[in-house]
Amino acid sequence: MALRFINTRTRQKEEFKSIDDGKVRMYTCGPTIYDFAHIGNFRAYVFEDLLRRYLKYRGYEVTQVMNLTDIDDKIIRSVKEQNIGLKDYTNQFKAAFFEDLDALGIERAEYYPAATDHIDEMVEMIQKLLTKGHAYKADGSVYFKISSFPQYGSLSHMKLEDLKAGARVAADEYEKDSVSDFALWKGWDEADGPVFWETPLGKGRPGWHIECSAMSTKYLGETFDINTGGVDNIFPHHENEIAQSECASGKTFANYWMHCEHLIVEGTKMSKSLGNFYTLRDITGKGYSPIAVRYLLLSTHYRQQLNFTFAGLDGAKAAVERLVDFRRNLQAVDGDTDSPEFPALLEQAYTGFQECLDDDLNASGALGEVFNFVKETNRLMADKKLSTSDAKQAVEAIDKFDTVIGVLPQAEESLDDDIQKLIDDRLAARQDKDFAKADSIRDQLLEMGIVLEDTAKGTVWKRKL
RNA sequence: GGCCGGUUAGCCAAGUGGUAAGGCGGAGGUCUGCAAAACCUCUAUUCUCCGGUUCGAAUCCGGAACCGGCCUCCA
């Protein structure tokens with residue numbers, strides 16, 4: 001079966017066909033860098049990483065753009081309060097964001113354009129919309145005229161007249177023709193303080209939606225393959241992107257729209273007032289491995305709400321350890337006779353893994369296939385039926401799967417000399433039958449994050465997750 | 001009010017017509033100086049409830065209950 005995705009715009013599962021053979025251009029909605037990102041945000045970025053990695057697994061060359069929103073109301077407020085430069089303020093959270101991406105094993109996109117570096121491109125697109133009659137000026141600002149785009153609502157499947165109007169319309173927006181029209185350009189007012197750009201549109205700053213339209217066009221062209229984000233982006237953000245982009249270019253904006261569901265914590269919405277609001281740092285600060293977080297975020301299908309619990313995180317950690325141990329145990333296999341059962345296991349693992357992920361990125365199913373392979377291969381290993389050659393192929397398979405899953409350690413780690421000495425001391429103590437001392441050293445190593453395994457072939461170590 | 005998901009074992013979670021994947025936890029066991037680590041075995045006669053279609057339904061249709069999300073700058 002071919003690769004297929006649920007397309008939010010059609011609500012159908014569609015076969016994926018890229019515009020250019022063998023190449024995918026995708027845009028993924030990135031963070032607003034006004035604070036540390038929380039694990040709900042990272043759920044989206046891990047989903048996008050899964051998409052990216054799997055497209056590569058299937059042989060595509062991927063060009064991914066992730067925007068960094070470095071201008072919005074909250075940023076302006078903080079910049080004024082702290083009396084520092086815009087970039088000085090956002091750079092600290094930008095740096096933290098990339099640290100977190102690395103910790104979670106998220107591959108880097110090809111481009112991370114920042115909104116404030118693309119004011120010219122945004123202004124140009126807004127001028128085009130004005131010329132074509134899709135936008136109008138009012139009181140120093142520029143608004144998109146929704147009534148000029150009859151297809152408005154095609155992504156979210158909402159009708160304009162059904163929208164409950166009024167609740168969040170700011171007082172300064174009374175100049176708009178229609179309450180649903182949204183800002184492309186916001187004229188400067190005193191609340192903006194030092195944050196503004198002098199442009200042909202006047203003094204002010206861009207609206208939120210326009211950055212994604214302008215930057216995706218610049219780096220991916222007027223039509224590209226996939227646009228993604230969290231479900232909350234469907235309306236209004238992505239709906240507005242479509243309106244701006246398709247009115248400006250006259251072409252289809254993105255062919256496939258993929259949205260991941262929200263993460264909830266212990267069964268309820270994550271919020272600061274409930275005290276269940278977590279950044280990645282909050283969690284790693286409790287001693288959890290970011291890789292366990294990655295696994296947990298990955299292991300629920302992206303279109304399902306994910307219930308984040310610390311019990312679940314413990315489970316994720318144990319699951320990752322099982323994979324790591326499996327790979328390591330394979331490397332100790334020493335056998336001359338190939339198992340007659342093994343080739344079928346290997347075949348099933350490869351085909352099962354791909355079939356699941358081909359079907360709208362069913363990561364849970366794919367992990368199930370991997371663990372079936374682990375269990376069956378472990379059984380052969382325990383019965384001493386696995387050959388060195390079988391084991392080598394099993395390692396290759398796990399490594400191949402991990403190019404998508406991304407939880408195995410990247411390189412063989414080496415030990416500090418003092419830790420190695422402790423291991424040697426313990427070995428000596430065991431040989432002297434001084435088990436009290438041996439166990440004490442073992443406990444000491446455990447506290448340092450080193451777990452020892454006494455196997456028939458000697459003592460091996462691993463790093464605790 | 002409009003739109004969208006969900007309800008599967010103690011917990012997490014796949015499965016969209018052919019008789020319940022997987023992970024964690026738990027219980028046994030192998031190995032071991034060991035209560036360590038690793039590994040093995042077992043662990044849902046049943047899929048929120050009520051009707052219906054069908055030879056056959058967790059899966060399709062109708063209805064109910066409960067949970068969650070979006071409805072103008074929140075991934």
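Owing to the predicted nature of the structure, the values given are computational and were not obtained by experimental measurement. Chain letters run A, B, ... following the sequence lines, proteins first and then strands; every chain starts at 1.
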Give [X] one of three labels, base, sugar-phosphate or nothing, depending on what nucleic acid heavy atoms sit under 4.0 Å from its own.
{"X": "A/Asp454", "answer": "base"}
{"X": "A/Asp232", "answer": "base"}
{"X": "A/Lys375", "answer": "sugar-phosphate"}
{"X": "A/Leu446", "answer": "nothing"}
{"X": "A/Gly40", "answer": "base"}
{"X": "A/Lys462", "answer": "sugar-phosphate"}
{"X": "A/Ala311", "answer": "nothing"}
{"X": "A/Glu48", "answer": "nothing"}
{"X": "A/His38", "answer": "base"}
{"X": "A/Thr300", "answer": "sugar-phosphate"}
{"X": "A/Phe435", "answer": "base"}
{"X": "A/Arg328", "answer": "nothing"}
{"X": "A/Gly315", "answer": "sugar-phosphate"}
{"X": "A/Ser156", "answer": "sugar-phosphate"}

Going through the checks in order, is the ring-ring contact (aromatic ring centres under 6.0 Å, His included) test met by A/Phe277 and A/His38?
CA-CA 7 Å; A/Phe277 185 96; A/His38 59 68; 5.1 Å; yes
My understanding is that a pair needs two contacts under 3.5 Å, Watson-Crick or G-U wobble. By that rule, which nucleotide pairs with [N]?
{"N": "B/C70", "answer": "B/G2"}
{"N": "B/C39", "answer": "B/G29"}
{"N": "B/U19", "answer": "none"}
{"N": "B/G62", "answer": "B/C50"}

Can you tell me how far CG of A/Leu346 sits from CD of A/Glu341, rounded to the nearest 0.5 angstrom?
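Between atom CD of A/Glu341 and atom CG of A/Leu346 there are 13.5 Å.
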Does any N or O donor sit under 3.5 Å from an N or O acceptor when you compare the side chain of A/Asp439 with the base of B/G33?
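Donor-acceptor pair under 3.5 Å: yes.
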Distance-only donor-acceptor test (3.5 Å): side chain A/Arg442, base B/C34:
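Such a pair is found, so the answer is yes.
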Would you indicate, yes or no, if B/U72 has its OP1 or OP2 atom less than 4.0 angstrom from a side-chain nitrogen or oxygen of A/Asn240?
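So the side-chain polar atoms of A/Asn240 never come under 4.0 Å of the phosphate oxygens OP1 or OP2 of B/U72.
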Distance below 4.0 Å between A/Asn378 side-chain N/O and B/C40 OP1 or OP2:
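Answer yes for this pair, as a side-chain N or O of A/Asn378 is under 4.0 Å from OP1 or OP2.
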Salt bridge or not between A/Asp325 and A/Lys462? Use side-chain N to carboxylate O under 4.0 Å.
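Salt bridge: yes.
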Using the P atom as the point on both nucleotides, what is the distance between B/C47 and B/U7, in whole Å?
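To the nearest whole Å, 14 Å.
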Flag for A/Asn7-A/Gln12: side-chain donor and acceptor within less than 3.5 Å
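No donor-acceptor contact under 3.5 Å links the two side chains.
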